[in-house]
Each structure stands twice: as C-alpha cells, then as structure tokens.
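In this text, all values refer to a predicted model and were calculated from it rather than measured experimentally. Lettering of chains follows the sequences in order, A, B, ..., and the numbering in each one begins at 1.
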Protein chains: 2
Amino acid sequence: MSTEKLASKIRKDQIVEAALHILGDKRVKKIKITEIASYLGLAPSALYRHFKNKDAILTAILEHIREKMYKNVERVRAKKDNAIDRLQELLTLHENLICQHQGIPRIVFSDELWGQEKIKRQRMYLIVRGYLLELEAIIREGQMKNEINPDLNPEAVARMFFGIVQPAALLWHMSEGTFDVNGHFTAAWPLFQSVLQVEGRCEL
Amino acid sequence: MSTEKLASKIRKDQIVEAALHILGDKRVKKIKITEIASYLGLAPSALYRHFKNKDAILTAILEHIREKMYKNVERVRAKKDNAIDRLQELLTLHENLICQHQGIPRIVFSDELWGQEKIKRQRMYLIVRGYLLELEAIIREGQMKNEINPDLNPEAVARMFFGIVQPAALLWHMSEGTFDVNGHFTAAWPLFQSVLQVEGRCEL
DNA sequence: AATCCATGTGAATTTAAATTCACATTAAGG
DNA sequence: CCTTAATGTGAATTTAAATTCACATGGATT
C-alpha cells in the first residue's frame, strides 16, 4: 500500500470521490461500477486496474468516510476550546456533510454499503463507535471544566448528540434534499443545550 | 382489493411477515424472493400468484410497517393519559420493534427497501413525517395540560424523541444485536425528560 | 360429474450488473 | 530506440436474481 505509485493513489482517490459524489446525488440507486466509470469518463473495466473488485471500492469509501469524520473532530477541537462550542461547531460540519459534500451520512446511516459482508458492517460499527467515543471525550472534558453538567452520563449525551444528526440525515435524504437540515439543527440545539446546563444555571 | 378472497389476503400477509422476519434476521442481505419463498416452503414462482413482482412485495411491507407504527401510537394513547408517560411507553414499544419483532426499524431507517424507485422513498418519507406529527400531537396535548414545558417547540421535541430511537436501531443492527438498546433508552430517557420539564420544576 | 379457478411447481428465460480477457497505448528508464 | 509496466478499451463471459411459462392439482360451484 505504502509502496504504490502516486499516480495510482490519485486515481484511486478519484474513484472513491466519484463514487461518493454519485451516492450523494439525491436520487439514490445503489452504486454501480458503470456509473462510477462513466462519471470519470472511463470504461467500467478500467476500475479493475485500481481495485480488485467492487467490494474493494466500497471498503475504500468507508475508509474515506472515517477520515472525514475524524478530521471534523480534530478541526473542531482546534477551533474552539469550550466543549459546548465544539459540539455546536460539529453540528455545522455535519450539516455540510449532509447537504453539500457527497452523501456521506447516507452511507453511514444506511445498509446500502455493508449489505453483503458482515465485515463491512463491523467496520462501520467501529467507525460509529469510535466517533461516539470522540464525542464522549469532548463531553467529559467539558464536564471537568464545568462547562457541562458533570452529573450527566457522557455516553448518553454523546448518543443524544448523535440523535440530532442521524434523523436529519435520514429526513434530508428521504425528502430528496427538501428537508430543512439547518432549521432542524437550529431548533434542536437549544433543547440539547438545555440538557447540558449545569444545575445552578437554571435559576437564572 | 376489497373484493379479494380471504385466503389470498392471508397468503399475502404471510409473505409480508416472512419478508419482515428475514429482514429482521441479524445478518442482513437485501431481501431475495427465493428466501421469502423458501421460508414459507414455496417455490419462488409461487409468490407471483400473490404479487405482481418484488416491488409490490416491498410496497406491501411498507404498508405493514406503517400500520404497526400507527398502532403503537394508538395503543400508547389508550394506555396512558399523561404525555410523558405516553412517550416513555412508546419508547418501550420501539424497543420491541427493534429487538424482537422483525427488523422494522432497519427498514424505516435504511435505504434498502426504497433504493430503486423514488416512489417508495416518498412513501416512506410520508410515513416518517406522519409519525412525527403523531408525536407532535402527543407533545402539544401535554403542553396544553402543562405536563410539558409549553415554551418548547413541539416539532423539535418530536424529532429529539425520534433521535433517541433511530440511533438505537442503527447501532443495534450494526452490532448484530449486541448493542444494549434497553440500556440506551434507560440512559437517554432522563435526559430527554429533563428537556420536557416545565420551567418551575427545576427549582426543586 | 364436469368445470373452473386459485394456487402451486420446476424448468426455462431475461435482465442487470460485475467481472474477465485479449489487445492498444503511452510514458519512463536503461 | 527498445523494453517494460501501468493504464486503458470493447467485447465477451459469468453470475445472481427476478420473472415467465407450460403444466399440475385440489377444492368449490354449478
């Protein structure tokens, strides 16, 4: 893997990006080799120069997604140092992931990709769990600095955050991009924030 | 439709139930006619006596799901008269839907079924939206009776509730039934409930 | 009893898609 | 320049699954 030529690596990335782009297109369809190829102006058979088979492409997509999600966490950590701000920022990034950039959430939150092999489902599970752990870490830090109510169960809070994002992805996708993701986040955020509040604050 | 024989209706239901049962089985795979048939001890071709094609079966599954979900709402309304109790009860029913009864949430929350035709996705969207409206109605009633903070946006609250259920379904499914749905609901409920609280109550 | 119809079957057939293969083309390095 | 390896192509081939079809069978109706 590390020994492969740069050009090859680029082509592989192009293929993954193309696949992601197609998946992100509102009207669904499960992804077809033919589509990816024609999107890149290639013959279907060309893709087999770069990937053993379709499955390998799907696996690469998963890896790509994992990177994107973790990159978002890092970015947010770098940009804000308050836990609540970090979470809010993360919500914004998710909005992009859902609406703009290729239908990543569609993939994370759907069977489509990992339908066949148990292995891919497991991998996806690890990604999601890993992501939840990242959220938890942010929350715990916030609790230590008393930005977030320390009595709360961080795991539950992380999943509640996740529970803001996932339905948005579903509804956006089902609605063919009609659903107002931003509106949803805007309405959900204060509710979520009210959960985080440290006890004392509610007297004000 | 209303003129069809009873026996036929039964067979149709059996087919739908069988399909649902298979879908609910942990290891996924997109549903195959062959599987449904062999589950019922029939030849694949037999199914075509009852449904025009696979698509018709999928559509019937959607309708079946819709009924189940709405029935749950009715049941909850009948059993409890306090909004908060109703929601809590609904969570329990969702737990069943996820863990026991055939993988309904898998279907609702996944692309699998409506991959192809835009029509099925639209139908699913209507089901989900309708369900959210039911939740909203429960919440509004609770607000009128001051069981739930009337300042809250009922739409947002409904979606937050939904956001407890959906991730559970995803994680349960991804984890091959390992994920502790009950634990998740138990941890999430108090957080959710704290959102619902009427302002005054937090001073206690 | 004769007929009809709903339901079933197993053996094709169709279809859509992935995959393979024999053959270009091009660029890089000796 | 010649060789080689990487990348591409179009035309098969394979594969998995849905779907059709000609032919039972059994129970209800006349």
Side-chain angles (χ1 to χ4, degrees), chain A residues 1-20 22-23 25 27-62 107 111-120, chain B residues 1-20 22-23 25 27-62 107 111-120:
Chain A
M1 187 64 90
S2 55
T3 64
E4 81 183 335
K5 297 280 167 53
L6 178 63
S8 175
K9 164 80 173 148
I10 289 174
R11 227 345 168 215
K12 275 185 149 172
D13 281 350
Q14 284 179 342
I15 292 171
V16 170
E17 301 266 7
L20 230 31
I22 290 166
L23 249 350
D25 222 350
R27 65 195 177 290
V28 194
K29 293 179 287 186
K30 55 185 275 192
I31 192 108
K32 279 171 253 181
I33 294 287
T34 313
E35 276 184 298
I36 304 176
S38 87
Y39 181 82
L40 292 167
L42 295 176
S45 49
L47 303 199
Y48 290 84
R49 293 292 170 206
H50 303 281
F51 292 95
K52 180 169 167 280
N53 53 25
K54 184 179 177 178
D55 201 81
I57 297 180
L58 299 187
T59 303
I61 292 177
L62 278 193
I107 299 162
D111 280 342
E112 200 135 320
L113 267 185
W114 23 281
Q116 309 285 2
E117 314 258 346
K118 179 192 276 194
I119 301 150
K120 273 201 291 313
Chain B
M1 188 62 93
S2 55
T3 65
E4 83 183 333
K5 298 279 167 57
L6 179 63
S8 174
K9 165 78 174 152
I10 289 174
R11 229 342 171 217
K12 276 185 148 170
D13 280 350
Q14 284 180 342
I15 291 171
V16 170
E17 301 266 7
L20 231 31
I22 290 167
L23 249 351
D25 222 351
R27 65 195 177 292
V28 195
K29 294 180 288 187
K30 56 186 272 193
I31 192 106
K32 280 172 250 178
I33 294 286
T34 314
E35 276 185 296
I36 303 176
S38 86
Y39 180 81
L40 292 168
L42 294 177
S45 49
L47 303 199
Y48 290 83
R49 293 292 170 206
H50 303 280
F51 293 95
K52 180 169 166 283
N53 53 26
K54 184 178 176 177
D55 202 80
I57 297 180
L58 299 188
T59 303
I61 293 177
L62 279 193
I107 299 162
D111 280 341
E112 200 135 318
L113 266 186
W114 23 283
Q116 309 285 2
E117 314 258 346
K118 178 193 276 193
I119 301 149
K120 273 200 293 309

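Considering CD1 of B/Ile61 and CG of B/Leu23, their distance stands at 6.0 Å, rounded to 0.5 Å. We find the CG-OG1 distance between A/Asp55 and A/Thr59 to be 4.5 Å, quoted to the nearest 0.5 Å.
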Discussion item. Can you build the contact string for nucleotides 18-23 of chain D? Use B for base contact, S for sugar-phosphate-only contact, and - for no protein heavy atom under 4.0 Å.
Written reply: SBBBB-
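For the pair A/Leu47 CG and D/dG10 P, the computed distance is 13 Å after rounding to whole Å. If you take CZ of A/Phe51 and C1' of D/dT7, they are 14 Å apart, rounded to a whole angstrom. Rounded to whole Å, the distance from CG on B/Leu40 to C1' on C/dT9 is 15 Å.
In this structure the side chain of B/Ile22 never reaches within 4.5 angstrom of the side chain of B/Lys32, judged on heavy atoms. Annotation: side chain of A/Val16 is in contact with side chain of A/Phe51 (closest heavy-atom distance under 4.5 Å).
Here B/His50 reaches the OP1 or OP2 of C/dG8: one of its side-chain N or O atoms lies under 4.0 Å away. For the pair B/Arg11 and C/dA6, the criterion of a side-chain N or O lying under 4.0 Å from OP1 or OP2 is not met.
Looking at residues two or more places apart in sequence or on another chain, you find a side chain to side chain contact (heavy atoms under 4.5 Å, CB included) between B/Ala46 and B/Leu42. With sequence neighbours excluded, the residues that form a side chain to side chain contact (heavy atoms under 4.5 Å, CB included) with B/Ala18 are B/Ile36, B/Tyr39, B/Leu40.
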